[in-house]
Amino acid sequence: MNFVNFLIGVTSFCLLLLLTHSASLSGGDEVRAPAPQCPTDGSCQLPTCHCASTTPPGGLFGPNVPQIVYLTFDDAVTIVNHPFYASALFNRKNPNGASISATFFITHEYSNYSLVHDLYRKGHEIALHSITHTTTTQYWANMNESVWNAEIIQQGEQASHFARFDRNLIRGMRAPFLQTGGNTMYRALSQGGLTWECSRPTYTYRKPGLWPYTNDFRSIQDCQIAPCPDEAFPGFWTVPMLDFIGDDGFPCAMVDECTPVPKTQQDTFSLLLRNFNDLYTTNRAPMGVFTHSAWLIGPVDRPEFAERMAGYLQFLDHLGSLPDVYMVSVSQALEWVKNPTGVADIDTFQPWAPKPEATNNCVFPRNCRYDNSTWERFMSACVPCPLNYPWVYNNLGVN
Ligand SMILES: [Zn+2]
């Protein structure tokens, strides 16, 4: 063997090692090609396909683009935060007369399903945020497809069963700690019947903001929390989280991560207003006010919580005074992106039209209790208590 042949031999061996390594990195799944670049020939067309872009869809521009705001809350719905949701959200209207709709990324543990039913019935969106909400991010980053299915897709069956509403109303999710599993997670979600996810912050495209896009083609979005998907998932939407900028100038994907944490009503209001205006005065990409109720509800001996809540409510009042701002759920926002309708015609846009309240199918909630020597859980459900506490791989508690 001469030296050149030797080098070729070594190179092929290394290449083989590299290929074997990348196959094992993705949990033994087949290695797929990255999605192709978005075409400019018009072959990616709404309502099914939309390239990642800061241009408003549908050729709309300027003040004819309604400013969408999605209010979202993560984690368990409980007797502590539900009264706040009811008082802050239930009596607000959009300019077309319909009630506003928020999106709740619920976790199973500690959630009170009769209160989840109440949020659903009042027109809010219930989305998924996992059964276990395990606190190690490596768990989510490296999880295989079947565990994503157990944590998220099976949570869809669980939430709709115990809170007694149509499972088809569950469309989207947010990964705990915004730690997605990249391609593996996207594969599990799209094959499991979800149509969107909202876990990926963007700093590069915060102003003007990135619009939601489908994953038919390669995204332009920056990858802040790896792994990020790069394969094609036709028709599956990414709802980017446009970073806020805190008063110290640093970015924050969730409002409650912004620093310094505002301690007065005025500081809270101006933080929200400044970030709102970054979009309202530019390309009007949807603004997400992504938070946890724990940012607004706290011990009475710490007045900063009441101050922040007052600032948050003042911000919602301000939005309610603007004729072209719509507080809608993430799924309602995506319906708009699929069928862009200008402010001038917005009263004809059916997905945002006023709707009658759904029937109360949780008139006699059951209070279920589970314990062993070290542990106790309560669960309020709209259906009879299952034999065991529902958990991952036993999502309905029947085993
Ligand atoms: Zn969470």
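Counting heavy atoms from C-beta outward, Met287 and Leu242 have side chains that stay 4.5 Å or more apart. Contact check for Glu125 versus Ile170: no side-chain heavy atoms found under the 4.5 Å cut-off. Residues Met173 and Ser199 have side chains in contact (heavy-atom distance under 4.5 Å, counting atoms from C-beta outward). A 4.5 Å side-chain heavy-atom check between Gln224 and Arg200 finds every atom pair outside the cut-off. For the pair Phe276 and Val69, the minimum side-chain heavy-atom distance is below 4.5 Å. Looking at heavy atoms from C-beta onward, Arg366 lies out of side-chain contact with Ser380 at the 4.5 angstrom threshold. You'll find the side chain of Leu194 reaches within 4.5 Å of the side chain of Phe236, heavy atoms only. Contact annotation: the side chain of Glu109 never approaches that of Ile131 to less than 4.5 Å [non-hydrogen atoms, C-beta and beyond].
Between Phe104 and Phe73, the ring planes are parallel. Angles under 30° get that label, and only those over 60° would be called perpendicular.
Atom CD of Gln37 sits in a sparse spot, with 12 or fewer heavy atoms from other residues, nucleotides or ligands closer than 6.0 Å. Heavy atoms of other residues, nucleotides or ligands lying less than 6.0 angstrom from OH of Tyr393 number more than 12.
Between the side chain of Asp256 and the backbone N or O of His292 there is at least one donor-acceptor pair closer than 3.5 Å. At distances below 3.5 Å, at least one donor-acceptor pair connects side-chain atoms of Thr341 with backbone N or O atoms of Asn339. For the pair Glu151 (side chain) and Thr134 (backbone), a donor-acceptor distance under 3.5 Å is absent. Remark: side-chain polar atoms of Gln221 are paired, donor with acceptor, to backbone N or O of Pro201 under 3.5 angstrom. Of the possible donor and acceptor atoms, one in the side chain of Ser53 sits under 3.5 Å from a partner among the backbone N and O of Thr55. When atom types are taken as modelled, the side chain of Asp216 and the backbone of Cys44 share no donor-acceptor pair closer than 3.5 angstrom. Listed for the His129 side chain is no donor-acceptor partner under 3.5 Å among the backbone atoms of Asp75. In this structure, the side chain of Arg171 engages the main chain of Asn168 through a donor-acceptor pair within 3.5 Å. Arg164 places a side-chain N or O within 3.5 Å of a backbone atom of Asn361 that can act as its donor or acceptor partner. At least one donor-acceptor pair closer than 3.5 Å links the side chain of Gln67 to the backbone N or O of Ala285.
For the residue pair Ser146 and Asn144, a side-chain donor N or O sits within less than 3.5 Å of a side-chain acceptor on the partner. Residues Tyr110 and Arg377 have side chains that bring a donor and an acceptor to within less than 3.5 angstrom of each other. The closest side-chain donor-acceptor pair between Ser130 and Thr107, if any, does not fall under 3.5 angstrom. No donor-acceptor contact under 3.5 angstrom links the side chains of Thr54 and Asn283, judged on distance only. With no hydrogens or angles considered, a side-chain donor-acceptor pair links Asp248 and Thr259 at under 3.5 Å.
Shown here are the side-chain contact (heavy atoms from CB on, under 4.5 Å) partners of Asn149, two or more places apart in sequence or in another chain: Ile153, Gln154. Remark: Asp301 pairs with no residue by the side-chain hydrogen bond (donor to acceptor under 3.5 Å, both in side chains) rule, at least two apart or across chains. Asp222 meets the side-chain hydrogen bond (donor to acceptor under 3.5 Å, both in side chains) test with Thr202, Thr204; sequence neighbours excluded. Shown here are the salt bridge (Lys or Arg N to Asp or Glu O under 4.0 Å) partners of Glu157, two or more places apart in sequence or in another chain: there are none. Take Asp41 and apply the side-chain contact (heavy atoms from CB on, under 4.5 Å) test, not counting sequence neighbours, and it matches Pro39, Ser43. For Gln179, the side-chain hydrogen bond (donor to acceptor under 3.5 Å, both in side chains) criterion is met by no residue, not counting sequence neighbours. Contacts of Asp317 classified as side-chain hydrogen bond (donor to acceptor under 3.5 Å, both in side chains), with partners at least two apart in sequence or in another chain: Arg92. Legend: residues meeting disulfide bond (SG atoms under 2.5 Å apart) with Cys198, ordered by chain and number and at least two apart, are absent.
You'll find the ring centres of His108 and Tyr389 inside the 6.0 Å limit.
Cluster partners of Leu178, by chain and number: Leu46, Leu60, Val65, Ile68, Tyr70, Phe105, Trp196, Trp211, Ile225, Trp237, Val239, Met241, Met254, Phe290, Tyr326, Val328, Val330, Leu334, Trp336, Val337, Ile346, Phe349, Trp352. The rule joins Ile, Leu, Val, Met, Phe, Trp and Tyr whenever side-chain heavy atoms lie under 4.5 Å apart. Phe250 shares a hydrophobic cluster with no other residue; no ILVMFWY side chain has heavy atoms under 4.5 Å from its own.
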Any chance you could lay out the side-chain contact (heavy atoms from CB on, under 4.5 Å) test for Ser99 and Lys122, step after step, and finish with the verdict? CA-CA 9 Å; Ser99 297; Lys122 298 292 184 343; over 6 Å; no

Show, in sequence, the C-alpha distance, side-chain angles and deciding distance for His124 and Phe90, and conclude whether the ring-ring contact (aromatic ring centres under 6.0 Å, His included) test is met. CA-CA 9 Å; His124 300 283; Phe90 285 3; 5.6 Å; yes

Please lay out, stage by stage, how Leu119 and Val77 fare under the test side-chain contact (heavy atoms from CB on, under 4.5 Å). CA-CA 9 Å; Leu119 295 174; Val77 173; 3.8 Å; yes

Derivation and outcome, side-chain contact (heavy atoms from CB on, under 4.5 Å), residues Arg187 and Trp148: CA-CA 9 Å; Arg187 209 175 295 132; Trp148 276 111; over 6 Å; no

Full working for side-chain hydrogen bond (donor to acceptor under 3.5 Å, both in side chains) between Thr103 and Ser329: CA-CA 5 Å; Thr103 302; Ser329 69; 4.7 Å; no

Steps toward side-chain contact (heavy atoms from CB on, under 4.5 Å) verdict (Thr72, Thr291): CA-CA 6 Å; Thr72 82; Thr291 190; over 6 Å; no

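Annotation for Cys252 and Gly246: closest pair SG-N, 3.8 Å, computed over non-hydrogen atoms. Contact record, Ile245 with Pro251: CD1-CA, 4.0 Å, taken as the closest heavy-atom pair.
When Asp230, Thr238, Thr180 are each tested for a side-chain hydrogen bond (donor to acceptor under 3.5 Å, both in side chains) with Tyr186, only one passes: Thr238. Partner Gln265 forms a side-chain hydrogen bond (donor to acceptor under 3.5 Å, both in side chains) with one of Gln314, Arg308, Glu307, Glu304 and no other, that one being Gln314.
Residues in residues 354-363 take part in these salt bridge (Lys or Arg N to Asp or Glu O under 4.0 Å) pairs, two or more places apart or across chains: Arg121-Glu357. Note on residues 82-91: pairs passing side chain to side chain donor-acceptor pair (under 3.5 Å), not counting sequence neighbours, are His82-Asp118.
Atom CG of Asn215 and atom OG of Ser190 lie 9.0 Å apart (nearest 0.5 Å). Atom CZ of Arg167 is separated from atom CD of Gln158 by 10.5 Å, given to the nearest 0.5 angstrom.
Geometrically, Arg302 does not engage Phe305 in a cation-pi contact, judged by NZ or CZ lying under 6.0 Å from the ring centre and within 45° of the ring axis.
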